[in-house]
Amino acid sequence: MSTQTVDPKPQSSAGLVQIGTTIEDKIQERLAEERARLEREAGVAKREVHHFKRPSEKPFTKGQRAQTTLLFGGLTWKHEKLVHGALEGLGYRAEAVPTPNVSAFQAGKEYGNNGQCNPTYFTVGNLVQYLQTLEEQGIPKQEIIDRYVFFTAGACGPCRFGMYEAEYRLALRNAGFDGFRVLLFQQSGGLNQSDTEAGLEMNIDFFLGILNALNCGDVMNEVAYALRPYEINAGETDRILDEQMDYLHEVFRKKQPWKLDEGMGKYLGGFSDTAEYIGKFVNQLKGDEYVPALQQCRDQFNSIEIDRLRVKPIVKITGEFWAQTTEGDGNFNMFNFLEREGAQVLVEPIGTWIMYMIHQVIQKYKDFKGLEEGAVLPPMWKLGTRAKIEFGFRQKVAKLKLAEAIFKSEYHKIVDSLGGIAHHLADQYELQRLGHPFYNSRAGGGEGHLEVAKNIYYSNKDLAHMVLSLKPFGCMPSTQSDGAQSAVVSNYKEMIYLPVETSGEGEINAHSRVQMALGEAKSKAKKEFAAALEANNLTLDQCRAWVEAHPESRKPLYHVPHTKGVVGGAASFVYHIASRMAAEKAN
Ligand code: SF4
């Protein structure tokens with residue numbers, strides 16, 4: 001080995017610089033040779049990397065807004081109807097694409113990449129299929145490309161949801177709609193993702209409109225599922241639901257976003273934007289534009305006569321976001337099937353998902369406190385700087401906690417306006433506490449720990465006889481939580497839990513598996529009802545006679561308190577009848 005030292009700095013003597021450089025060059029040369037040898041041996045040949053670049057897309061501009069139709073979809077028709085109204089109220093032309101069916105799934109497979117998760121095939125194929133329908137109706141392809149845009153939620157990893165945007169583009173190109181525009185709003189992007197010259201202004205009015213529509217859609221949906229299995233006159237719930245959804249659609253369409261008075265704006269000068277922003281929030285919190293409309297829906301629902309003594313197993317739906325929401329072939333039309341089989345379906349609100357996203361960001365802030373890229377924690381004695389960092393962190397968390405509280409209270413305002421028939425949102429901190437021992441709550445993607453947590457929550461809180469998890473074929477996070485669910489089930493022996501993998505085929509097999517688990521849930525509900533009659537020394541006929549004498553108890557808004565340890569509505573009703581009978585006897 002050479003004993004010559006390499007001088008890092010050039011010296012005044014040209015000779016020394018020359019020697020230093022030569023040795024350094026030699027070292028680098030030998031290093032490269034050795035690296036190349038090791039790489040050859042290990043078989044890791046260096047290849048040129050070509051990173052994927054998002055193709056540039058023709059923008060959707062403000063000037064095109066009047067002639068352009070916004071397409072959207074992927075939820076239930078109830079959510080979509082209200083989102084439609086909200087978009088029209090904001091001045092957009094909008095259209096919801098129909099609920100995806102099996103032929104949409106096949107189109108997704110035909111035009112998209114292989115190896116995607118099931119919702120990708122359904123939703124991507126559905127858009128392609130819808131555009132093909134427009135073409136069949138005689139609209140030229142170029143006009144479809146120029147006059148329609150699709151907008152959807154976007155996210156970045158870790159599950160395949162991050163790839164949806166690229167999948168839409170690929171399938172559209174393969175189907176001959178190259179250049180068709182797909183607009184994204186980022187789930188984690190906050191309340192303002194707008195560009196004022198953009199065709200779709202994703203500003204606070206947009207997000208408040210969409211959130212209100214989603215929340216009202218959630219609650220209307222849940223109320224209908226809670227009443228339909230008990231209606232005395234078949235079809236009444238659906239008839240009233242249809243009418244009231246049309247009515248609410250008009251309410252959303254006519255709602256004008258709150259605006260700062262022009263004179264006041266001039267007076268406030270540079271502060272007018274902030275004042276308008278705050279005003280919109282205050283109007284959202286204090287205003288009650290939707291309350292009278294929802295109360296009207298409540299009164300219409302209350303005209304449905306229900307038979308509370310029908311013994312029905314309550315089936316809570318969980319699983320992956322899209323599979324548990326859609327009402328079509330994407331989950332084997334599972335909700336219809338369950339109702340036909342005699343169950344009451346407890347649907348999952350989109351609100352839980354929104355709360356989950358806010359909750360996860362708060363957790364992330366807490367976990368990454370002081371660890372942000374490039375952050376250097378000042379020494380202990382720099383108290384002022386440390387306090388500033390602490391204050392900044394607390395401020396961020398406080399803002400999100402406020403958002404959490406506002407969202408929850410707005411949601412519950414809707415539940416209460418619709419008569420309190422739907423459930424309040426499950427608390428995210430409780431879900432985290434329940435789910436974390438089985439599924440790390442920091443593992444993101446899909447529903448994360450929620451799927452496990454909801455299984456425990458709904459089984460343990462007397463809210464459901466059975467939990468049915470709808471898990472799409474090829475879903476990575478769902479596959480992970482499947483493993484954890486075996487541990488959950490072995491810890492909670494009473495639980496009836498069934499995971500069903502949804503795909504474009506296999507409906508009969510899935511239905512027969514659900515039928516088997518439902519058999520157990522039915523027998524659980526029947527035993528519970530029989531035990532309630534026995535504990536109160538009552539017969540079914542006596543209960544029926546009491547209802548006959550108290551017709552107000554057939555109204556959906558008649559309040560039946562929940563009996564601890566009892567899941568089914570009929571069993572709780574028996575306890576209620578017994579206590580009313582005792583009170584009437586005493587008087
Ligand atoms: S959660 Fe599962 S099904 Fe949903 S997008 Fe992600 S990988 Fe696909």
Side-chain angles (χ1 to χ4, degrees), residues 219 222-234 236-237 240 295 297-316 338-339 342-347 412 414-426 457-467 494 496 521-587:
V219 185
E222 188 177 337
V223 170
Y225 276 104
L227 301 184
R228 198 181 296 109
Y230 303 96
E231 66 189 8
I232 290 173
N233 303 312
E236 209 174 356
T237 309
I240 288 179
Q295 285 169 342
C297 300
R298 175 199 65 192
D299 296 342
Q300 290 302 312
F301 279 130
N302 201 34
S303 67
I304 300 169
E305 275 210 319
I306 56 167
D307 176 5
R308 293 177 194 272
L309 287 167
R310 281 184 196 162
V311 182
K312 302 231 165 231
I314 300 175
V315 179
K316 172 66 194 166
L338 284 164
E339 285 191 349
Q344 177 193 335
V345 179
L346 184 51
V347 281
H412 295 163
I414 298 168
V415 171
D416 297 342
S417 305
L418 276 167
I421 297 167
H423 290 80
H424 278 196
L425 290 172
Y457 182 90
Y458 284 92
S459 303
N460 270 14
K461 283 193 173 265
D462 310 331
L463 291 168
H465 293 100
M466 163 180 161
V467 175
E494 293 298 299
I496 304 179
K522 277 183 184 169
S523 120
K524 203 172 169 181
K526 279 183 190 157
K527 278 188 195 150
E528 186 186 60
F529 184 69
L533 288 174
E534 199 184 323
N536 292 292
N537 215 8
L538 284 172
T539 64
L540 180 56
D541 286 344
Q542 284 171 313
C543 293
R544 291 224 175 271
W546 186 88
V547 173
E548 206 56 47
H550 299 81
E552 73 280 5
S553 68
R554 289 204 195 104
K555 297 275 172 205
L557 290 185
Y558 178 83
H559 180 63
V560 177
H562 175 250
T563 308
K564 201 167 168 21
V566 171
V567 178
S572 265
F573 192 40
V574 170
Y575 281 96
H576 175 66
I577 291 175
S579 79
R580 284 284 310 267
M581 279 178 166
E584 283 159 15
K585 217 174 185 176
N587 285 330

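Positions are given from 1 along the sequence. Below, all heavy atoms of this structure are taken into account, side chains as well, without hydrogens, waters or symmetry copies.
Every residue meeting the side chain to side chain contact (heavy atoms under 4.5 Å, CB included) condition with Lys526, not counting sequence neighbours, appears here in chain and number order: Val311. Judged as a side chain to side chain contact (heavy atoms under 4.5 Å, CB included), and not counting sequence neighbours, the contacts of Arg298 are Gln295, Leu418, Leu557. Residues meeting the side chain to side chain contact (heavy atoms under 4.5 Å, CB included) test with Ala464, sequence neighbours left out: Ile314, Lys316, Tyr458. Annotation: side chain to side chain contact (heavy atoms under 4.5 Å, CB included) contacts of Thr539 (sequence neighbours excluded): Asp541, Gln542.
The backbone N or O of Arg228 lies less than 3.5 Å from no partner atom in the side chain of Glu339, so there is not a single donor-acceptor pair. In terms of modelled atom types and a separation under 3.5 Å, the side chain of Arg310 and the main chain of Gly569 share no donor-acceptor contact. Using modelled atom types, one side-chain atom of Glu231 and one backbone atom of Thr237 make a donor-acceptor pair closer than 3.5 Å. Between the side chain of Glu528 and the main chain of Ala571, no donor-acceptor pair closer than 3.5 Å is present. Distance alone, capped at 3.5 Å, is enough to place a donor-acceptor pair between the Ser572 side chain and the Thr563 backbone.
Here the side chains of Cys543 and Phe573 are not in contact, with every heavy-atom distance at 4.5 Å or above.
Environment of CD in Glu494: sparse, with no more than 12 heavy atoms of neighbouring residues, nucleotides or ligands closer than 6.0 Å.
For the atom pair OG of Ser459 and CE of Met466, the computed distance is 10.5 Å after rounding to the nearest 0.5 Å. Atoms OG and CG, on Ser553 and Leu309 in that order, are 8.0 Å from each other to the nearest 0.5 Å. Distance check, rounded to the nearest 0.5 Å: CZ of Arg554 to CD1 of Ile232 gives 5.0 Å. Annotation: the span from His412 atom NE2 to Ser417 atom OG amounts to 12.0 Å, rounded to 0.5 Å. To the nearest 0.5 Å, the span separating CG on Leu346 from NE2 on His423 amounts to 5.0 Å. Taken from CD1 in Ile577 to CG in Leu538, the straight-line distance is 7.5 Å, to the nearest 0.5 Å.
Residues Pro556 and Leu227 share a closest heavy-atom pair of CB-CD2, 3.7 Å. Minimum interatomic distance between Val315 and Ala343 (heavy atoms only, all atoms of both residues): CG2-CB, 3.9 Å. Annotation for Ile240 and Ser303: closest pair CD1-OG, 3.5 Å, computed over non-hydrogen atoms.
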**OP:** Just do the side chain to side chain contact (heavy atoms under 4.5 Å, CB included) check on Leu540 and Phe529 with the steps written out, would you?
**Re:** CA-CA 10 Å; Leu540 180 56; Phe529 184 69; 3.8 Å; yes
**OP:** Could you go through the side chain to side chain contact (heavy atoms under 4.5 Å, CB included) check for His562 and Leu463 one step at a time?
**Re:** CA-CA 10 Å; His562 175 250; Leu463 291 168; over 6 Å; no
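Applying the salt bridge (charged side-chain N to carboxylate O under 4.0 Å, His left out) test to pairs two or more places apart or on separate chains, none has a residue in residues 529-538. Sorted by first and then second residue, the salt bridge (charged side-chain N to carboxylate O under 4.0 Å, His left out) pairs with a member in residues 575-587 read Arg580-Glu584; sequence neighbours excluded.
Using bins of under 30°, 30° to 60° and over 60° for the plane-to-plane angle, the ring pair Trp546/His576 lands in the perpendicular bin.
Partner of Tyr230 under the side chain to side chain donor-acceptor pair (under 3.5 Å) criterion, out of Arg308, Gln344, Lys312: Gln344 alone.
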